[in-house]
Amino acid sequence: MQQPVKTYTVEQAKRKLEAYCAYQDRCHKEVREKLHQMRMIPDAIDAIIYHLLQHKFLDEERFARSFARGKFRHKQWGKNRIKQELKQRDIGDYLIKKAFTEIPESEYRNTFDELAQKRFYQLTSEKDKYKKRKKLADYLFYRGWPGDWIYEKSKELIP
């Protein structure tokens, strides 16, 4: 026996999406997907998104800035990974550049150095220097750090 599908009026959906956006900054794509899951029709989706934009619940620049700041500070992602993730969320290049202003250059370099050092010490059991270098590089590439920095740092830490 199938459960009945929950339906929402436009007003109910607005209130639900206001709470959804107030809890955490969201991008347009996430909001659109949420409204599709709620089985809203395209006209209602457009009306609700317009309402959220008007009342400042939805702001792509604010989302991009907080996303970049959060992923850098908490997950220690590099700019390449942050850019890739923002592009997957349909954020434009202009807003990505603005988001990167949230990451101070000196802090960016220090975080990279600390992360590389920390990973280097985790690889003490690996005896083969080439495998160790590869593991270090793979780890840093996955997190989105610049390739030239990774190459220099792996040569420096594992001569």
Side-chain angles (χ1 to χ4, degrees), residues 6 13 16-40 42 45-46 48-50 52-53 55-159:
K6 176 104 171 94
K16 190 167 176 72
L17 268 290
E18 284 175 359
Y20 181 68
C21 293
Y23 176 74
Q24 167 184 318
D25 283 327
R26 309 285 180 178
C27 66
H28 292 238
K29 188 176 182 182
E30 290 171 332
V31 170
R32 216 169 259 293
E33 286 171 3
K34 183 76 169 170
L35 287 165
H36 278 293
Q37 289 171 3
M38 294 169 68
R39 299 181 187 275
M40 301 302 290
I45 290 173
D46 293 341
I48 293 166
I49 287 177
Y50 179 73
L52 295 171
L53 286 167
H55 293 89
K56 304 276 189 254
F57 284 101
L58 197 54
D59 183 341
E60 292 247 292
E61 181 179 342
R62 187 178 64 213
F63 167 78
R65 286 175 177 269
S66 68
F67 183 89
R69 194 174 44 246
K71 297 301 181 190
F72 170 68
R73 294 239 162 78
H74 298 291
K75 291 197 170 190
Q76 297 175 320
W77 285 359
K79 290 181 180 177
N80 296 342
R81 176 82 186 266
I82 293 169
K83 182 177 182 176
Q84 176 188 346
E85 293 286 334
L86 286 171
K87 284 208 174 277
Q88 285 179 352
R89 288 166 174 77
D90 298 334
I91 306 296
D93 290 333
Y94 175 74
L95 290 179
I96 291 172
K97 279 191 181 111
K98 278 193 148 189
F100 286 158
T101 63
E102 294 291 313
I103 303 172
E105 205 53 48
S106 61
E107 194 177 330
Y108 187 65
R109 186 65 198 212
N110 289 343
T111 300
F112 171 76
D113 290 337
E114 288 170 14
L115 192 63
Q117 200 73 40
K118 181 180 162 192
R119 184 64 181 157
F120 172 70
Y121 287 124
Q122 290 172 346
L123 296 171
T124 53
S125 63
E126 183 60 66
K127 299 300 177 216
D128 183 357
K129 79 175 192 176
Y130 297 107
K131 282 185 182 175
K132 198 175 201 173
R133 249 191 227 156
K134 174 144 178 39
K135 285 181 179 182
L136 176 64
D138 287 348
Y139 176 80
L140 295 169
F141 270 121
Y142 176 74
R143 289 184 171 247
W145 294 94
D148 53 336
W149 290 12
I150 294 170
Y151 181 73
E152 286 172 24
K153 188 55 97 170
S154 63
K155 287 280 191 189
E156 175 191 318
L157 291 174
I158 309 161

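Using a cutoff of 4.0 Å between basic side-chain nitrogens and carboxylate oxygens, E85 and K71 are not scored as salt-bridged. Ion pairing of R32 with D46 is present here, as a side-chain N (NZ or NE/NH1/NH2) and a carboxylate O approach within less than 4.0 Å. Using a 4.0 Å cut-off between charged side-chain N and carboxylate O, R109 and E105 make no salt bridge. Ion pairing between a basic and an acidic side chain is recognised when a charged N comes within 4.0 Å of a carboxylate O; K132 and E126 show no such pairing. A salt bridge links E156 to K153: one of the charged nitrogens lies within less than 4.0 Å of a carboxylate oxygen.
Remark: K75 NZ is loosely packed, at most 12 non-hydrogen atoms of other residues, nucleotides or ligands lying under 6.0 Å away. Crowding of R39 atom CZ: a count of heavy atoms from other residues, nucleotides or ligands under 6.0 Å not exceeding 12. Around NZ of K131, the count of heavy atoms belonging to other residues, nucleotides or ligands within 6.0 Å does not exceed 12. Crowding of K118 atom NZ: a count of heavy atoms from other residues, nucleotides or ligands under 6.0 Å not exceeding 12. The local environment of NZ in K16 is sparse, with at most 12 non-hydrogen atoms from other residues, nucleotides or ligands closer than 6.0 Å.
Residue I158 holds its CD1 atom at 6.5 Å from CZ of R133, rounded to the nearest 0.5 Å. Distance check, rounded to the nearest 0.5 Å: CE of M40 to NZ of K34 gives 12.5 Å. Summarising the geometry, atom CG belonging to L58 is positioned 11.0 Å from atom NZ belonging to K56; distances are rounded to the nearest 0.5 Å. To the nearest 0.5 Å, the span separating CH2 on W77 from OH on Y142 amounts to 7.5 Å. In this structure, CG on D59 lies 12.0 Å from CG on L52, to the nearest 0.5 angstrom. How far CZ of F141 is from CG of L136: 10.5 Å, rounded to the nearest 0.5 Å.
The shortest distance between side-chain heavy atoms of L140 and R119 does not fall below 4.5 Å. Put simply, the side chain of T111 does not reach to within 4.5 Å of the side chain of I103, judged on heavy atoms. I91 is listed as a side-chain neighbour of F63, based on a closest heavy-atom distance under 4.5 Å. Considering only heavy atoms from C-beta on, D90 stays 4.5 Å or farther from H28 through its side chain. By the 4.5 Å heavy-atom criterion applied to side chains, F112 and I150 are counted as neighbours. With a 4.5 Å cut-off on side-chain heavy atoms, T101 and R65 count as touching. With contacts defined as side-chain heavy-atom distances shorter than 4.5 Å, the pair L17/F57 does not qualify.
The two residues V31 and C21 come nearest to each other via the heavy atoms CG2-SG, 3.8 Å. Across all non-hydrogen atoms, the minimal contact from D25 to E30 is O-OE1, 4.3 Å. Pairing each heavy atom of A99 with each of A64, the nearest pair is CB-O, 3.4 Å. In terms of heavy atoms, A13 sits closest to I48 at CB-CD1, 3.5 Å. Looking at every heavy atom in both residues, C27 comes nearest to R89 through SG-CB, 3.8 Å. Contact record, Q88 with K29: O-NZ, 2.7 Å, taken as the closest heavy-atom pair.
Remark: aromatic rings of W145 and Y108 are close, center separation under 6.0 Å.
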Please report the C-alpha distance between H55 and E18 in whole Å, then the side-chain angles of each, then the deciding distance to 0.1 Å, and finally whether the side-chain contact (heavy atoms from CB on, under 4.5 Å) criterion is met. CA-CA 9 Å; H55 293 89; E18 284 175 359; 5.5 Å; no
Take N80 and R143 through the test side-chain contact (heavy atoms from CB on, under 4.5 Å) and record every step on the way to the result. CA-CA 8 Å; N80 296 342; R143 289 184 171 247; over 6 Å; no
